[in-house]
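To keep things clear, I will list the structure first and then write my remarks on it.
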Amino acid sequence: MDIKAIAMGLAFALMWSSAFTSARVIVDYAPPLSALALRFLISGLLGVGIAWLLGQSARLTRRQWQGVVIFGVCQNALYLGLNFVAMQTIPASLAAIIASTMPLLVALSGWLVFGNTVRPLGIAGLIAGVVGVVLIMGARLQGGVDVFGIVLCVIGVVSLTVATLAVAGASSGGNVLMIVGLQMLVGSAMLWVPALTIEVWDVTWNWQLVVAFVYTTIVPGLLATVVWFLLVGRIGAVRASTFHFLNPFLGVATAAIILGEKIGVLDIVGVAIIAGGILAVQLSKQ
């Protein structure tokens with residue numbers, strides 16, 4: 001893994017983890033699904049427009065289109081949609097911790113569904129991940145956290161797992177920025193249906209909402225996704241996923257610094273165990 005790949009991985013982890021904090025700010029002042037649908041519409045149009053100016057084509061292979069649709073529905077509509085709704089009632093740090101278990105679920109899916117061989121280090125990592133999640137959830141449930149919000153985040157991270165497994169098919173063959181823009185437009189189209197059906201457009205306009213929305217639209221929304229696709233293409237999905245072990249730390253730290261969310265001792269221990277489990281699983285695949 002070269003220096004450029006490491007820099008890309010670190011940048012992706014920081015951008016990805018910060019999205020939970022900015023999303024928490026957005027849902028305090030705007031309806032979650034409508035805000036997310038609008039964000040994806042803007043990000044998608046920007047991505048497609050820039051890709052077109054760069055000479056990229058929307059003439060994708062059948063495999064690429066399948067990846068675009070699956071990624072757009074599972075990551076953008078389901079995973080992020082459910083997380084935005086959940087963060088109306090649960091802390092951003094908890095949503096980030098649940099989402100950070102995705103690499104563990106990817107490894108578990110490969111083992112149980114696809115019959116991939118898991119080495120002892122990988123099995124130890126999976127067990128550690130479960131222990132870390134149990135510690136954090138036990139502490140949070142005793143503290144009175146909203147169970148429904150947790151359920152939404154769990155369903156969301158399962159959808160994110162499916163989306164991650166589809167990345168390889170979507171990113172192969174070039175036209176990366178065009179693919180990123182198109183999968184965001186797919187997510188936007190899916191989200192507008194429930195947004196217009198069940199939500200009321202009640203927005204409290206202030207500078208916090210504007211800054212959080214612009215940041216979420218451009219940085220985690222567009223830049224992080226482009227970096228992720230490029231990183232997977234550069235070093236492969238297995239090595240790229242190693243950087244996800246930073247997400248529990250960065251997600252919790254960002255929420256604590258920006259939002260002032262309180263972090264307990266069991267949260268810190270659980271995050272460390274989860275991060276170690278993710279790293280062990282990824283190293284076992286090397």
Could you tell me which non-hydrogen atom of [X] sits nearest to which non-hydrogen atom of [Y], and how far apart they are?
| X | Y | answer |
| --- | --- | --- |
| Gln88 | Arg24 | O-NH2, 4.2 Å |
| Ala30 | Leu209 | CB-CD1, 4.3 Å |
| Leu231 | Ala5 | CD1-O, 3.5 Å |
| Ser17 | Asn247 | OG-OD1, 3.0 Å |
| Val25 | Leu259 | CG2-CD2, 3.7 Å |
| Leu185 | Leu41 | CD2-O, 3.9 Å |

Is the backbone N or O of [Y] less than 3.5 Å from a side-chain atom of [X], with the two atoms forming a donor-acceptor pair by type?
| X | Y | answer |
| --- | --- | --- |
| Ser22 | Ala212 | no |
| Thr254 | Gly251 | no |
| Gln56 | Met178 | yes |

For this session: Evaluate the side-chain contact (heavy atoms from CB on, under 4.5 Å) criterion for residues Leu222 and Met184: first the C-alpha distance (whole Å), next the side-chain angles of each, then the deciding distance (0.1 Å), finally the verdict.
Result: CA-CA 9 Å; Leu222 188 59; Met184 288 181 175; 4.3 Å; yes

Answer yes or no: is there a side-chain heavy-atom contact under 4.5 Å between [X] and [Y]?
| X | Y | result |
| --- | --- | --- |
| Asp267 | Val252 | no |
| Val186 | Val73 | yes |
| Val200 | Pro31 | no |
| Ile98 | Met137 | yes |
| Arg119 | Ile123 | no |
| Ser100 | Ile274 | yes |
| Phe84 | Arg39 | yes |
| Ile136 | Val271 | yes |

Mind checking whether [X] and [Y] sit in one hydrophobic cluster, side chains of I, L, V, M, F, W, Y counted as touching below 4.5 Å?
| X | Y | value |
| --- | --- | --- |
| Val211 | Leu14 | no |
| Val130 | Ile97 | no |
| Trp205 | Ile26 | yes |
| Phe148 | Leu82 | yes |
| Val27 | Val151 | yes |

For this session: Please test Leu246 against Leu10 for side-chain contact (heavy atoms from CB on, under 4.5 Å), starting from the C-alpha separation and ending with a verdict.
Result: CA-CA 8 Å; Leu246 295 171; Leu10 293 174; 3.5 Å; yes

Could you give the distance from [atom1] ([X]) to [atom2] ([Y]), rounded to the nearest 0.5 Å?
| X | Y | atom1 | atom2 | answer |
| --- | --- | --- | --- | --- |
| Phe12 | Leu230 | CZ | CG | 12.0 Å |
| Trp52 | Leu45 | CH2 | CG | 14.0 Å |
| Thr89 | Ile150 | OG1 | CD1 | 9.0 Å |
| Leu177 | Leu182 | CG | CG | 9.5 Å |
| Tyr29 | Phe213 | OH | CZ | 16.0 Å |
| Leu94 | Met87 | CG | CE | 10.5 Å |

Exercise. Would Thr161 and Tyr79 satisfy side-chain hydrogen bond (donor to acceptor under 3.5 Å, both in side chains), going step by step from the backbone distance to the final call?
Worked result: CA-CA 9 Å; Thr161 301; Tyr79 162 65; over 6 Å; no

Exercise. Among Leu160, Val154, Val133, Ile278, whose side chain to side chain contact (heavy atoms under 4.5 Å, CB included) with Thr101 holds?
Worked result: Val133

Exercise. Any chance CH2 of Trp201 has more than 12 other-residue heavy atoms, nucleotides or ligands included, within less than 6.0 Å?
Worked result: yes

Problem set entry | Atom CE of Met190: over 12 foreign heavy atoms under 6.0 Å | no

For this session: In sequence, state the C-alpha distance, the side-chain angles, and the governing distance for Leu33 and Ile198, and then conclude on side-chain contact (heavy atoms from CB on, under 4.5 Å).
Result: CA-CA 9 Å; Leu33 297 180; Ile198 64 176; 4.2 Å; yes

Problem set entry | Chi angles and distances behind the side-chain contact (heavy atoms from CB on, under 4.5 Å) call for Glu199, Leu196 | CA-CA 6 Å; Glu199 286 188 340; Leu196 295 175; over 6 Å; no

